[in-house]
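Keep in mind that the numbers below use all heavy atoms, side chains included, and drop hydrogens, waters and symmetry copies. A, B, ... follow the sequence lines: proteins, then strands. Residue 1 opens every chain.
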Protein chains: 2
Amino acid sequence: MRISKVNKMHNLSKNQQIIFDLIDKSSEPLKAYAILFNVQKKGIKAPLQVYRALDKLVEIGKIHKIESRNAFIACHNSSCQVAKATAFSICEICEKVTEISSAGLSKYLANFKDKDGMKYSKYNLEFFGLCKKCR
Amino acid sequence: MRISKVNKMHNLSKNQQIIFDLIDKSSEPLKAYAILFNVQKKGIKAPLQVYRALDKLVEIGKIHKIESRNAFIACHNSSCQVAKATAFSICEICEKVTEISSAGLSKYLANFKDKDGMKYSKYNLEFFGLCKKCR
DNA sequence: AATGTTTTGTTATATTATAACAATGTGTAA
DNA sequence: TTACACATTGTTATAATATAACAAAACATT
């Protein structure tokens with residue numbers, strides 16, 4: 001049943017919930033092994049358990065990977081619909097990362113056509129600069 | 001001498017030149033250890049020698065890192081001026097990567113202001129989709 | 001020639017991520 | 001409810017990516 005699968009509520013599994021809660025509570029992006037150390041007391045002992053949960057959470061849009069930092073943050077866009085069209089600002093001093101939700105930006109990028117007239121509904125954009133505090 | 005330093009021609013060092021040549025001739029992004037294996041016959045034996053050259057080449061804009069792939073491609077923008085404002089399209093099937101040079105896109109992104117009115121002159125954008133051949 | 005800087009060479013190690021396999025749990029439909 | 005498909009877990013081992021620390025050589029100014 002394709003459609004119900006796609007639309008289905010994602011009840012997180014035990015490990016997924018533990019790891020999502022940790023990332024969601026964090027004020028900064030978390031790296032996989034930082035997560036591992038933090039959840040060892042909860043019985044998650046191996047890197048693979050962490051990576052599997054991270055993969056799933058990324059797939060369903062609950063978290064995003066900051067590619068330039070190999071770190072993960074919870075999605076704070078409207079109900080995590082925007083799993084595949086992400087934009088972030090990253091402070092080069094304090095490493096603060098903020099998810100950007102700008103209708104204008106996402107519209108512009110979703111409609112962008114390359115030289116071959118090709119459009120892309122999936123993208124990841126990382127802006128770098130100095131945040132308010134570090135400026 | 002600050003100014004001459006900033007503007008100076010980058011005569012590549014021996015290792016930098018070897019590694020740049022390899023990347024420049026490649027039709028696809030190269031990973032660090034793939035580079036290492038390819039240049040061992042030229043006397044570059046250790047990962048660190050590769051990473052140092054890569055760091056420098058990225059810094060001076062001769063190559064770019066494709067963050068989502070941990071791979072490197074030569075810059076094909078007009079004389080590599082655009083070291084810090086990069087955009088790529090990536091085919092999710094064949095992994096072909098193309099650097100996008102669009103005046104409109106770079107203008108839009110350079111002028112983009114976030115909620116705090118903050119602008120960013122440095123960014124990296126990766127589009128994902130299917131290339132012509134794989135569509 | 002003296003000086004500061006960059007680059008190199010080298011060994012070791014840290015960090016990030018996946019392979020392979022067996023077992024257990026969960027949702028769904030007959 | 002039982003059986004089936006599928007997702008998740010647990011585990012050990014290993015692959016892939018990247019940096020630390022230190023000494024020596026090369027290079028570019030003065």
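DNA chain C is contacted by both A:Phe72 and B:Gln16; B:Gln16 maps to the nucleotide lying nearer its 5′ end (nearest heavy atom per residue).
Side-chain contact between A:Ile66 and A:Phe72 is absent, with no heavy atoms from C-beta onward closer than 4.5 Å. A heavy-atom distance below 4.5 Å is found between the side chains of B:Ser68 and A:Glu67. Side-chain atoms of A:Arg135 and B:Met118, non-hydrogen and from C-beta on, do get closer than 4.5 Å to each other.
In this structure, B:Ile44 places its CD1 atom 12 Å from C1' of C:dT7, rounding to the nearest Å. When the P atom of D:dT9 is taken as reference, atom CG of A:Asp55 falls 12 Å away, rounded to whole Å. Across the protein-nucleic acid pair, A:Leu30 atom CG and C:dT16 atom C1' stand 15 Å apart, rounded to whole Å.
Within residues 45-53 of chain B, the residues approaching DNA chain C are B:Lys45, B:Ala46, B:Leu48, B:Gln49, B:Arg52, by heavy-atom distance under 4.0 Å.
In the helix from C:dA1-D:dT30 to C:dA30-D:dT1, the end axes, each obtained as the rotation axis mapping the C1' atoms of four pairs onto the next four within a five-pair block, lie 50° apart to the nearest 10 degrees.
Checking C:dT7, D:dA18, C:dG9 against every side-chain atom of B:Lys65, the shortest atom distance belongs to D:dA18.
Residue A:Tyr33 and nucleotide C:dT15 are not classified as a stacked aromatic pair, given the requirement of ring centres less than 5.5 Å apart at an interplanar angle below 30°.
Ring centroid separation for the pair A:Tyr123 and A:Phe112 does not come in under the 6.0 Å cut-off.
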